[in-house]
Amino acid sequence: HGHATHDHDSKHDHKHDTTKHSHDHDGKPHSHGIAASVVQEDANLPKQWYRGNLHTHSLWSDGNDFPEMIVDWYLQNDYDFLALSDHNILSEGQKWVKQSLSNERGGIQGFKRYLERFGDDWVETRTRNGVDEVRLKPLGEYRQLFETAGEFLLIQSEELSDHFQQHPVHINIANIRDVIRPQGGDSVRDTIANNLKAIITQQQRTGQPMLPHLNHPNFGYAVTAEDIAAVIEERFFEVYNGHPSINHRGDDTHVSVERLWDIANTLRIAEYNSPPLFGIGTDDSHNYFGQRGSSPGRGWVMVHAAFLTPESLIHAMERGDFYASSGVTLANVEFDAESRTYTVAVEPVDGEQYTIEFIGTRAGFDPSREPRFNEAGEPLRVTHKYSAEIGSVLQSSENVIAATYTLTGDELYVRAVVTSSAEPDNPAFEDQKKQAWTQPFGWKAALAAKAAETESVEGDAGTDASK
């Protein structure tokens, strides 16, 4: 297959800060190439990069601001789409809360700020049993204030929040139609799988595309690489979540989220003969008053889609036509299946230097693994220790704004990570640098080769038996 190159449609000229959004400095959109084999049904339609956050909390669950205030922030900060994903609830119907609730959760004059921004005609209040209350608006009402076709989209979502014993198992569902209750399970894997079954059942019943992604695997160190590798129905997870408490970098006993991704993807391709996980970036924002706690603007996805609709965005993400970011914007991500080259180019910001690493696992990697033990010598329920051949750096280029990797044919997958010398505007942890993570490439060929190998082995067995 050759690669198809798609020019962005310039139908909407964002006033985007070019350090954050994928437009050239003169405001003109630039072209982007992606493998024809990846693109499929709408390969001939012009595509555009859309920036969005798929993990956001409001007063409907445990956030500290009103949904309209939150949406307004994302709209003003150059996002194209947003999913408000409250815990085990959809923002629909009647919900009244204390006017003081925002302040009780760390908001600063939260109700007053809301009233000043949207006015008496919009804000609904009442006094019930001596308590001043305010009605939380449902998505169906407030979306009318913000959405513009092709420019800004709100996507109904839920954070399906379950647990097995003390281990939190949370899955976000973008474009959900009806609320799903936690399904439970007999293990972490079983809990993930049961909740996915409920999501898939709703998708089939409604005919509505939905995008479930596993949240923050290192939150409470609940989900191991082995867990998420085994539940092959889940295709997406958060490689970056901006909440300070999700243990992005791991510790002496627990792998980092990125290492977890490489182990899980190696196991999926090598042992489960299944496609890899794609990595999403999110905010998981709860606090909208300053940069304390989990505040907005830390993690997002850039999706290369033909239309700014839930369906078009979900289909693009299912193809892997997106990347995750905590501050780096890419000018180009291109896989040319014919020459087997994988090119990543950065949209540079003055004063920043970039390192581009291509990371992957080669066939024939050392598969040995060993459990980790506590001081009493008991095995811990954590990701095992694996060889450095899993998720190794295959190529690294420093002080560049573009790099190309040529696949040799023995890679199970290759992904790129770009790291800037600069810190993000709103860092989630100490010494953090801005980054961008592309999706794994080359895995389709690896799975096809494995399938052909299996067929030929089975064919040989058949021949021997007939002798």
Side-chain angles (χ1 to χ4, degrees), residues 52-67 70-71 74 79 81-93 95 105 136 138-139 154-164 166-185 188 191-200 202-203 208 210-220 222-223 228 231 233-248 257 277 279-288 293-296 298-301 310 313-314 317 324 428:
N53 174 39
L54 293 170
H55 193 163
T56 325
H57 295 278
S58 75
L59 286 166
W60 276 89
S61 64
D62 59 348
N64 70 2
D65 210 353
F66 295 88
I70 297 166
V71 174
Y74 282 94
Y79 285 72
F81 63 94
L82 178 67
L84 268 74
S85 52
D86 282 302
H87 296 280
N88 298 335
I89 193 171
L90 299 181
S91 55
E92 56 189 15
K95 187 173 173 73
R105 292 182 179 171
L136 295 183
L139 173 64
L154 290 166
I155 301 173
Q156 177 159 275
S157 298
E158 174 192 351
E159 181 168 12
L160 181 47
S161 305
D162 206 343
H163 61 90
F164 170 70
Q166 77 275 26
H167 307 295
V169 175
H170 295 186
I171 297 172
N172 266 31
I173 313 147
N175 206 38
I176 190 171
R177 198 177 83 177
D178 306 312
V179 75
I180 295 175
R181 301 288 168 215
Q183 302 293 302
V188 167
T191 305
I192 298 170
N194 288 345
N195 284 295
L196 281 170
K197 274 180 206 148
I199 296 162
I200 292 162
Q202 186 181 130
Q203 276 180 287
Q208 184 163 310
M210 297 171 195
L211 190 125
H213 79 257
L214 182 85
N215 295 339
H216 43 58
N218 272 1
F219 177 53
V223 182
I228 188 59
V231 188
E233 297 83 2
E234 178 58 276
R235 292 296 314 281
F236 300 90
F237 93 118
E238 289 177 342
V239 66
Y240 179 76
N241 170 310
H243 197 303
S245 307
I246 57 90
N247 303 307
H248 180 73
V257 176
L277 283 163
I280 287 174
T282 69
D283 274 341
D284 194 359
S285 45
H286 289 71
N287 169 54
Y288 304 92
S294 55
S295 47
R298 287 180 174 155
W300 56 90
V301 284
L313 293 169
I314 289 170
M317 292 182 73

Could you go through Ile314 and Asn175, starting from their C-alpha distance and side-chain angles, then the distance that decides it, and tell me whether this counts as side chain to side chain contact (heavy atoms under 4.5 Å, CB included)?
CA-CA 9 Å; Ile314 289 170; Asn175 206 38; 3.8 Å; yes
Using every non-hydrogen atom in the two residues, find where [X] and [Y] come nearest and quote the distance to one decimal.
| X | Y | result |
| --- | --- | --- |
| Tyr288 | Pro296 | CD2-CG, 3.8 Å |
| Thr282 | His55 | CB-CB, 3.5 Å |
| Ala324 | Gly281 | CB-N, 3.4 Å |
| Pro244 | Gly293 | CG-O, 3.4 Å |
| Tyr74 | Ser285 | OH-OG, 3.0 Å |
| Thr56 | Ala83 | OG1-O, 2.8 Å |

Which is it for Leu54 and Trp300 under the side chain to side chain contact (heavy atoms under 4.5 Å, CB included) test, yes or no, and what are the steps along the way?
CA-CA 8 Å; Leu54 293 170; Trp300 56 90; over 6 Å; no
With distance as the sole test, does [X] use its side chain to make a donor-acceptor pair with the main-chain N or O of [Y] at under 3.5 Å?
| X | Y | result |
| --- | --- | --- |
| Arg181 | Asn88 | yes |
| Glu158 | Asn172 | no |
| Asp65 | Leu59 | no |
| Asn218 | Ile246 | no |
| Arg105 | Asn64 | no |
| Asn53 | Leu82 | no |
| Asn194 | Gly184 | yes |

Out of the candidates His216, His213, His170, His248, only one should pair with Glu238 under the side-chain hydrogen bond (donor to acceptor under 3.5 Å, both in side chains) rule; please name it.
His213
With a 4.5 Å limit on heavy-atom distance, are the side chains of [X] and [Y] in contact?
| X | Y | answer |
| --- | --- | --- |
| Asn215 | Asp284 | no |
| Gln202 | Ile180 | yes |
| Thr191 | Gln183 | no |
| His163 | Val169 | no |
| Tyr240 | Val257 | no |

As an exercise, state the distance from [atom1] of [X] to [atom2] of [Y], rounded to the nearest 0.5 Å.
| X | Y | atom1 | atom2 | answer |
| --- | --- | --- | --- | --- |
| Ile155 | Ile176 | CD1 | CD1 | 13.0 Å |
| Met210 | Arg177 | CE | CZ | 7.5 Å |
| Ser157 | Leu139 | OG | CG | 9.0 Å |
| Asn241 | Asn247 | CG | CG | 10.5 Å |
| Ile70 | Asp283 | CD1 | CG | 11.0 Å |

Looking only at the side chains, is there a donor atom on one of [X] and [Y] sitting less than 3.5 Å from an acceptor on the other?
| X | Y | answer |
| --- | --- | --- |
| His57 | Glu159 | yes |
| Asp86 | Ser58 | yes |
| His286 | Ser294 | yes |
| His87 | Ser161 | yes |

Worked verdict on Leu214 versus Phe236 for side chain to side chain contact (heavy atoms under 4.5 Å, CB included)
CA-CA 6 Å; Leu214 182 85; Phe236 300 90; over 6 Å; no
Could you walk me through whether Leu160 and Asn195 pass side chain to side chain contact (heavy atoms under 4.5 Å, CB included), step by step?
CA-CA 8 Å; Leu160 181 47; Asn195 284 295; 3.4 Å; yes
